[in-house]
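Indexing begins at 1, ligand by ligand and atom by atom, following the structure's order.
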Amino acid sequence: MVLAGSETTTPHVAVLVSPGMGHIIPLLEFTKRLAVDHGCHVSFLNITFEASAAQIQLLHSANLPPSLHVIDLPPADVTSGLVTEDTPILTRLCLIVQENLKCLKSVLLSLDNLPKALVIDMFCTQAFDVCEELSIPVYSFFTASPTLLSFSLYLPTLDTEVIDCQFVDLPEPVQVPGCSPVRTEDLPDPVRNRKIDEYKWYLFHVSRLLLASGIFLNAWEDLEPATVRAIRENPFYHQVINTPPVYTVGPIIKDTETVSESESGSQCLRWLDKQPRNSVVFVALGSGGTLTAQQITEVAWGLELSKQRFIWVIRAPSDGSPSGTFFNAGGEANSNEPASFLPEGFLERTKDMGLVVPSWAPQMAVLRHEATGAFWSHCGWNSTLESVANGVPMIAWPLYAEQRMNATVLEEDIGVAVKPVVEAGKEVVTRDEIERVVRMMIEGEERKAMRCRAEELKESVAKALSSPGGSSFESLSRVVKEWKAQV
Ligand code: UDP
């Protein structure tokens, strides 16, 4: 592959991403911004092992700018022995990355010119070793919230301070320096059991954040200002540990979506066109989210009883993991037959009020549509940013990873979400609670304050991204200038 252009005016940068749409989507958007807004040539290094249908569609769409090249890494098979169907999500992801990065050095050397910098996501930190050998500076792109970044920077210290118990058993919330305390029930999945591989992998990768030349954060200055300030100014992050510069460059979210390619995608938008403004609840649980059969039944009844309009991106029930489709987003079997797992007659009874979409919807286009009044989300960070950037308040239904932490921040600190209440002793959110929350978000008084706050944030997003002058735009611009200045 030939990368044309002068290295000083159009630096060559490589971007490396771990599997999962929640990483691939923001890193690809970041790559597009480097190419289109900041004049870089970018090689997007793509781990192809077990690529999901959604990943293949996204990376092979015709819309990529000419100075962005997707480079498929040769797949290293990890299914024979290393991982099984039962391997938990983060361990599986980390093993896939570890094995598939064994070719990283030769791939970087095979590029026509060595990149000025490599940008990696948080689970690709093996790249630090390879790039040290090649003298390439590595930047981390943190795909999650400022709150998770502050917690993750503090985790190696917490690990040495708490020696005799699990963090979830601590009597008090975790006091992250300079930030809101994290309640033990909100701790991210990978740190809930310190004895298992999930924790070891997480600790390994976040300990290595300090090796980065800089950390790009997918947020903007006004989203969690106190947390961002703490990371920049609290002595812990600079005297106890040596945190690299943190650049708020977000929200980096999808700009456009190729809706026409999927029949259900354009159906969603045509349907929304016929609905009143702010009247529809959009129910979608990210790329991985799945519900139990019992919970699906409660959701269906709750939506029906609420008598509110809805779009429900539905997946076949999974009584195992709540992240059941993380590795095969958009391509899962069985989801095309919702009638087989929904309450009898539900589709017929709700056909004038709702639309059930199997498996995958054009989320960004739906959130941008004026008929969408609330987003019932699993609170993945990309979904959160997409909702806030479009001024849509949320019903926060966290399922896995760090989503409980996000849900609490959204409800208590940012003020754009409400969490349904789970009754003590119950494993599911009941239909009555779902009915209550859905009604409240579409026609209740309470929604007004949340909508106002969401609108305020939407405006602050537009300001942060504006070019020139926006804080996120200028932040990235500063780093690119440094790359350009290097000989
Ligand atoms: N997404 C989508 N359609 C769907 C479900 C998800 O386009 O039906 C996209 C969504 O817009 C977001 C990403 O998939 O960009 C999900 O990322 P997030 O961080 O919210 O959650 P994860 O999938 O990593 O749990």
Side-chain angles (χ1 to χ4, degrees), residues 17-30 32 52-55 57-59 61 89-90 92-93 121-123 141-145 148 188-190 218-219 250-259 261-269 282-291 310-315 318 321-332 335-336 338 355-369 372 375-390 392 394 396-407 410 417:
V17 57
S18 64
M21 293 305 280
H23 301 160
I24 293 168
I25 291 171
L27 266 293
L28 183 67
E29 288 305 320
F30 177 72
K32 285 193 209 163
S52 66
Q55 176 180 344
Q57 204 209 335
L58 180 72
L59 291 175
S61 75
I89 180 168
L90 182 64
R92 185 182 176 91
L93 186 146
D121 80 36
M122 55 205 278
F123 299 124
F141 184 101
F142 199 76
T143 49
S145 67
L148 187 65
D189 283 346
N218 200 0
I252 305 245
I253 49 179
K254 277 180 281 189
D255 192 23
T256 50
E257 264 166 341
T258 41
V259 176
E261 280 175 23
S262 103
E263 205 188 298
S264 58
S266 37
Q267 189 197 359
C268 273
L269 300 187
F282 175 53
V283 186
L285 304 172
S287 54
T290 46
L291 301 175
F310 65 87
I311 291 182
W312 182 4
V313 182
I314 197 163
R315 306 205 166 114
S318 156
S321 153
S323 56
T325 60
F326 188 85
F327 289 104
N328 62 349
E332 57 275 18
S335 293
N336 284 326
L355 185 68
V356 169
V357 182
S359 171
W360 196 259
Q363 179 164 305
M364 191 63 187
V366 171
L367 289 172
R368 204 173 266 163
H369 199 288
T372 303
F375 180 19
W376 176 340
S377 168
H378 74 319
C379 304
W381 192 240
N382 298 291
S383 296
T384 299
L385 293 174
E386 289 162 13
S387 202
V388 170
N390 285 295
V392 179
M394 297 163 79
W397 184 310
L399 293 176
Y400 57 93
E402 89 293 10
Q403 294 153 13
R404 284 179 299 271
M405 188 184 247
N406 295 345
L410 285 165

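Distances below 4.0 Å separate heavy atoms of Ser383 from the following atoms of ligand 1: 18 (P), 20 (O). Listed by number with element, the atoms of ligand 1 under 4.0 Å from a non-hydrogen atom of Gln363 are 1 (N), 2 (C), 3 (N), 5 (C), 6 (C), 7 (O), 10 (C), 11 (O). Ligand 1 places these atoms under 4.0 Å from at least one heavy atom of Gly380: 18 (P), 19 (O), 20 (O), 21 (O). Listed by number with element, the atoms of ligand 1 under 4.0 Å from a non-hydrogen atom of Ile25 are 9 (C), 13 (C), 14 (O), 15 (O). Of all atoms in ligand 1, listed by their number and element, those nearer than 4.0 Å to a heavy atom of Val313 are 8 (O). Ligand 1 places these atoms under 4.0 Å from at least one heavy atom of Lys254: 2 (C), 7 (O), 9 (C), 10 (C), 11 (O), 15 (O). Near Tyr400, meaning under 4.0 Å from any of its heavy atoms, are these atoms of ligand 1: 22 (P), 25 (O).
At a 4.0 Å heavy-atom cut-off, ligand 1 touches Asn382 through backbone and side chain alike. Residue-level proximity to ligand 1 for His378 is carried by the side chain, the only part with a heavy atom below 4.0 angstrom. Contacts between Glu386 and ligand 1 below 4.0 angstrom, taking non-hydrogen atoms only, involve the side chain exclusively. Counting heavy atoms under 4.0 Å from ligand 1, residue Ala284 does not touch it at all. With a heavy-atom cut-off of 4.0 Å, Trp381 touches ligand 1 through its backbone alone.
Looking at every heavy atom in both residues, Ser287 comes nearest to Gly22 through OG-N, 4.3 Å. Closest approach of Gly380 to Gln403, counting heavy atoms only: N-CG, 3.9 Å. Of all heavy-atom pairs between Arg404 and Pro188, the closest is NH2-C, 4.1 Å. Nearest heavy atom pair, residue Leu285 against residue Arg315, reads O-NH1, 4.0 Å.
Every residue meeting the side-chain contact (heavy atoms from CB on, under 4.5 Å) condition with Ala144, not counting sequence neighbours, appears here in chain and number order: Phe142, Leu148, Glu402.
Aromatic rings from Phe141 and His23 are positioned such that their centres are separated by 6.0 Å or more.
The shortest N or O to N or O distance between Thr384 and ligand 1 is not below 3.5 Å.
Using modelled atom types, one side-chain atom of Asn218 and one backbone atom of Ile252 make a donor-acceptor pair closer than 3.5 Å.
When the heavy atoms of Cys268, Ala361, Ser359 are ranked by distance to atom 4 (C) of ligand 1, first place goes to Ala361.
Side chains of Val357 and Ile314 form no contact here, defined as non-hydrogen atoms less than 4.5 Å apart.
Between His378 and Tyr400, the ring planes are tilted. Angles from 30° to 60° get that label.
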